[in-house]
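Lettering follows sequence order; numbering is per chain, from 1. On a predicted model such as this, the values are computed, not experimentally measured, just so you know.
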Amino acid sequence: MKDTIAHLLQSALNQLMEDGTLPADFRPDIKVENARDKAHGDFATNLAMVACKPAKMKPRDLAQRLIDVLPADGAISATEIAGPGFINFFVSDASSFAVIDDILHRGEAFGTSDQGQGQAVQIEFVSANPTGPLHVGHGRGAAIGDCLARLLEATGHKVTREFYYNDAGVQIDNLALSVQARARGLTPEDAGWPADGYRGEYIADLAQAYKAGETVSADDRSVTAKGDIEDLTAIRNFAVAWLRREQDEDLKAFGVSFDVYFLESSLYQDGSVAATVQRLIENGFTYEKDGALWLKTTEFGDDKDRVMRKTDGNYTYFVPDVAYHLNKWQRGFTTVINEQGADHHSTITRVRAGLQGLKADIPQGWPDYVLHQMVLVTRSGVEVKLSKRAGSYVTLRDLIEEVGRDATRFFLAARRSDSQLTFDIDLARSQSNENPVYYVQYAHARICSVLNKLVDIGDNRDPESIRGDYQLLTLEEERDLVARLAQYPEVIASAARQREAHHLTQYLRELAGLFHTYYNAHKVLVDETELRDARITLSLAVRQVLANGLGLLGVSAPQRM
RNA sequence: GCGGCUGUAGCUCAGUUGGAUAGAGCACUUGGCUACGAACCAAGGGGUCGGGGGUUCGAAUCCUCCCAGCCGCACCA
């Protein structure tokens, strides 16, 4: 509909350019936006205000000229000039309500588009190191990342979900030492406990499993414990597998799965780290200083150069990161989105600098990043501390078990990623009017319930197949509902384009609210069959869109609650 | 000190890329179930959009300078 109006406006512009009202080379960006206030109609354009200068006319006068030459269209029932020079468009009822047909015809596919044109997109998210269970911060990344993946799929992209993790390095050594210490019966309070050891209780469980010779299987590996307390390599391998399995269970409980698990160690094994370093040296972006090898990241906007190879000969963490991203590029992903905690934001400049230094024709500013800020968890109004090393923290699984998957996902995806999030456990748990998840789900369940009631009033038709005449829908609440339903596809499209999942939760809340208002004010199952059918048809459409939207959030759309 | 993010109603947060009178939810006050589900609805009060300056027809939104909070500033990841 916006496109239709834009076309009409373009045609009107052409007319005014021909008659000399506007310069012949005038090429404005025609913007048609949803009216914020329904008193202003359905759509509005600011064209007259943008074009008033070249036309040397007052905005409202120009608006009138535009309307005068605007071609007639059956979908537009009225236009008006308002405020400083807006042109408001009122869409005819027949045209507004037609969206119901579209929704019921396309079903689950309503709202999807091919704007991505099958482009391969990779989204890397969670990427937690296998040194502990997932916590709420990872949960936020999982909720946002998975929802973005679903949004991109819905808009015609071919999405690969990828999980990258460090399975070697210093942190993993610390992990192995911690497990070994626990296996020897030490606790974090004892002398001889590793300096940077992981203190959590789960390390003791892990040590127990290792000594017992258990076999653990994660999504990407399976390891049987050797049981030998002295064999640090065996401990390390087992510990990584054990924690990966834990994380897989957390993710499974959360309804998130990955297509690819990518190991940092593989980048060393296949020589790509060495090759990356070599290429940066050859391209002249490195130098030796103080016994270390430095990358001239300042040539790419960093505020100081960064060490690539430490004096001990090991590479710093961002070097394999650069190799990893080169690998992503070589796999053909022209769009890569990295969903990470904002505490890692300093890596962005380094990784992009490294990629530019490779001179591999990778565009500047590639890849994309979506960063999420910290999550603060409160219970009974007080903060619950999250400290992995200290061991006392709320894991993602705790949260899922306590508040449920749907509420956890909804809460973690419902806010802009770049603002801090307070996760109120009491609120998320409450099965009451305080909880926005249930508000949306309740609207869905209510519609299901109404449809089931049809048989009680002696109508034995299958409610799913009823298609009433929506010309009988004349209530204000019904117009409000279809207007909002019609906006769903553009909400999906813009949420995907802007990589902002929270627009969807916002939209669903509003749609559910409009339905609740309608439901409370008017009866769906009225006596007159034709009107009843029309309202059932509308209800089916609302239910469909609620279900589609919840689906993109990975939240269930229950028939009963 | 440097960089990133944030600052909007008592609280938690939106604000469609610069539009019309800044919106929801919670909380508070009042009203609505012998109703197709009250996990709901209706009505009401509540704001110098952190502060100052600037850009223009028009700013919560863009620029600039302050203030406050969080995060990062390792040869950890």
Side-chain angles (χ1 to χ4, degrees), chain A residues 31 33-37 39-40 44 46 49-50 52-53 58-59 82-86 88 127 129 131 165-166 169-172 174 196 264 290-294 302-304 306-318 320-321 341-349 371-374 376 414-422 424 427 430-439 441-443 445-454 456-457 487 490-491 494-495 498 500 502-503 505-507 509-510 512-513 515-526 532 535 539 560-561:
Chain A
K31 276 199 203 163
E33 46 192 33
N34 299 319
R36 288 195 184 199
D37 186 334
H40 300 144
N46 61 353
M49 283 133 83
V50 175
C52 65
K53 270 194 180 166
K58 290 179 183 169
F86 291 103
N88 292 337
S127 292
N129 282 338
T131 52
Y165 68 94
N166 171 358
V170 179
Q171 301 297 348
I172 302 297
N174 281 336
D196 293 317
E264 184 182 9
D290 305 332
L293 183 68
W294 296 68
D302 205 351
D303 51 2
K304 57 182 174 187
R306 306 291 168 176
V307 169
M308 292 174 65
R309 191 177 58 226
K310 302 182 264 183
T311 47
D312 67 4
N314 291 316
Y315 294 110
T316 55
Y317 68 91
F318 85 90
D321 238 23
D343 51 342
H344 291 92
H345 84 267
S346 58
T347 68
I348 297 176
T349 314
L371 303 180
H372 64 260
Q373 295 288 333
M374 301 290 97
L376 185 74
R415 306 232 188 292
R416 284 173 53 202
S417 63
D418 52 12
S419 66
Q420 290 175 53
L421 165 61
T422 302
D424 183 337
L427 176 60
S430 70
Q431 301 196 0
S432 73
N433 56 358
E434 295 173 29
N435 196 325
V437 195
Y438 298 121
Y439 185 82
Q441 290 182 321
Y442 186 56
R446 246 184 169 176
I447 293 171
C448 294
S449 173
V450 171
L451 298 176
N452 289 334
K453 273 285 188 307
L454 192 60
D456 294 354
I457 61 170
Q487 287 170 8
E490 67 184 79
V491 169
S494 83
Q498 299 175 82
E500 290 184 342
H502 72 281
H503 291 306
T505 58
Q506 198 75 15
Y507 171 85
R509 215 197 171 286
E510 287 164 8
F515 183 79
H516 286 311
T517 298
Y518 176 51
Y519 179 93
N520 274 280
H522 306 284
K523 196 160 175 165
V524 174
L525 301 181
V526 291
R532 183 168 75 224
R535 290 185 175 175
S539 301
R560 276 189 299 274
M561 297 172 64

Between the protein and nucleotides 8-16 of chain B, are there any N/O to N/O pairs under 3.5 Å, and if so, what are the atom names and distances?
from, atom 1, to, atom 2, distance (Å)
B:rU12, O2', A:R415, NH2, 2.9
B:rC13, OP1, A:Q420, O, 3.4
B:rC13, OP1, A:T422, N, 3.3
B:rC13, O5', A:R415, NE, 3.4
B:rA14, OP1, A:R416, N, 2.8
B:rA14, O2', A:Q506, OE1, 3.3
B:rA14, O2', A:Q506, NE2, 2.7
B:rG15, OP1, A:H502, NE2, 2.9
B:rU16, O4, A:R36, NE, 2.9

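- Spacing between B:rU30 and B:rG46 at atom C1', rounded to whole Å, works out to 16 Å.
- Contact annotation for A:K523: base contact, defined as any heavy-atom pair under 4.0 Å involving a base atom.
- A:Y519 places its OH atom 11 Å from the C1' atom of B:rC41, with the value rounded to the nearest Å.
- At whole-Å resolution of the value, CE in A:M374 and P in B:rG69 are 18 Å apart.
- Rounded to the nearest Å, the gap between the P atom of B:rA14 and that of B:rG25 is 16 Å.
- Side-chain N or O atoms of A:T422 include none that pairs as donor or acceptor with a backbone N or O of A:L376 at under 3.5 Å.
- Rounding to whole angstrom units, CG of residue A:D424 and C1' of B:rA27 are separated by 13 Å.
- The CZ atom of A:F515 sits 9.5 Å away from atom CG of A:N520, with the distance rounded to the nearest 0.5 Å.
- We find that NE2 of A:H372 is positioned 15 Å from P of B:rU6, with the value rounded to whole Å.
- Rounded to a whole angstrom, the distance from the P atom of B:rA74 to that of B:rU12 is 32 Å.
- Between A:Y518 and A:H522, the ring planes are tilted. Angles from 30° to 60° get that label.
- One P atom belongs to B:rC5, the other to B:rG47, and the distance between them is 31 Å to the nearest Å.
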At a cut-off of 3.5 Å, list every protein nitrogen or oxygen paired with a nitrogen or oxygen from nucleotides 75-77 of chain B, distance to 0.1 Å.
from, atom 1, to, atom 2, distance (Å)
B:rC75, O2, A:T311, N, 2.8
B:rC75, O2, A:T311, OG1, 3.0
B:rC76, OP2, A:K310, NZ, 2.1
B:rC76, O2', A:Q171, NE2, 3.1
B:rA77, OP2, A:Y317, N, 2.8
B:rA77, O3', A:N166, ND2, 3.3
B:rA77, O2', A:N129, ND2, 2.9
B:rA77, N6, A:Y317, OH, 3.1
B:rA77, N3, A:H344, NE2, 2.9

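- Exactly one of A:R509, A:Q506, A:Q441 qualifies for a side-chain contact (heavy atoms from CB on, under 4.5 Å) with A:P436. That residue is A:R509.
- As rounded to the nearest Å, B:rG72 and B:rU17 have P atoms that lie 34 Å from one another.
- Mapping A:K31 and A:A44 onto RNA chain B by nearest heavy atom places A:K31 at the nucleotide closer to the 5' end.
- As rounded to whole Å, 9 Å separates atom P of B:rA39 from atom CE of A:M561.
- Figure legend. B:rA59 is base-paired to no nucleotide; pairs are counted as Watson-Crick or G-U wobble with both atom distances under 3.5 Å.
- A:S449 places no side-chain N or O within donor-acceptor distance of the main-chain N or O of A:A445, the cut-off being under 3.5 Å.
- Residue A:T517 has its side chain nearest to B:rC41 when only B:rC41, B:rA38, B:rG19 are considered.
- Here the C1' atom of nucleotide B:rG4 and the CG atom of A:D418 are 11 Å apart, to the nearest Å.
- Spacing between B:rC49 and B:rG23 at atom P, rounded to whole Å, works out to 14 Å.
- Residue A:A445 is in base contact, counting any heavy-atom pair closer than 4.0 Å across all strands shown.
- In terms of the side-chain hydrogen bond (donor to acceptor under 3.5 Å, both in side chains) criterion, residue partners of A:R416 (sequence neighbours excluded) are, by chain and number, A:D418.
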**OP:** Check step by step if side-chain contact (heavy atoms from CB on, under 4.5 Å) holds for A:V170 and A:N314.
**Re:** CA-CA 10 Å; A:V170 179; A:N314 291 316; over 6 Å; no
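- Between the side chain of A:R532 and the main chain of A:L525, no donor-acceptor pair closer than 3.5 Å is present.
- Stacking here means ring centres nearer than 5.5 Å and ring planes tilted less than 30 degrees, and by that measure A:F86 stacks onto B:rA20.
- Atom CE of A:M49 is separated from atom P of B:rC57 by 11 Å (rounded to the nearest Å).
- A:T316 places a side-chain N or O within donor-acceptor distance of the main-chain N or O of A:V307, the cut-off being under 3.5 Å.
- Few gaps surround NZ on A:K310; more than 12 heavy atoms of other groups in view lie less than 6.0 Å from it.
- Going from atom NE2 of A:H345 over to atom C1' of B:rC2 covers 11 Å, rounded to whole Å.
- Ranked by how close their nearest RNA chain B nucleotide is to the 5' end, A:R560 and A:A82 are led by A:A82.
- Between B:rC26 and B:rA39, the distance separating the two P atoms is 14 Å to the nearest Å.
- Between the C1' atoms of B:rU8 and B:rG50, the separation comes to 10 Å (whole Å).
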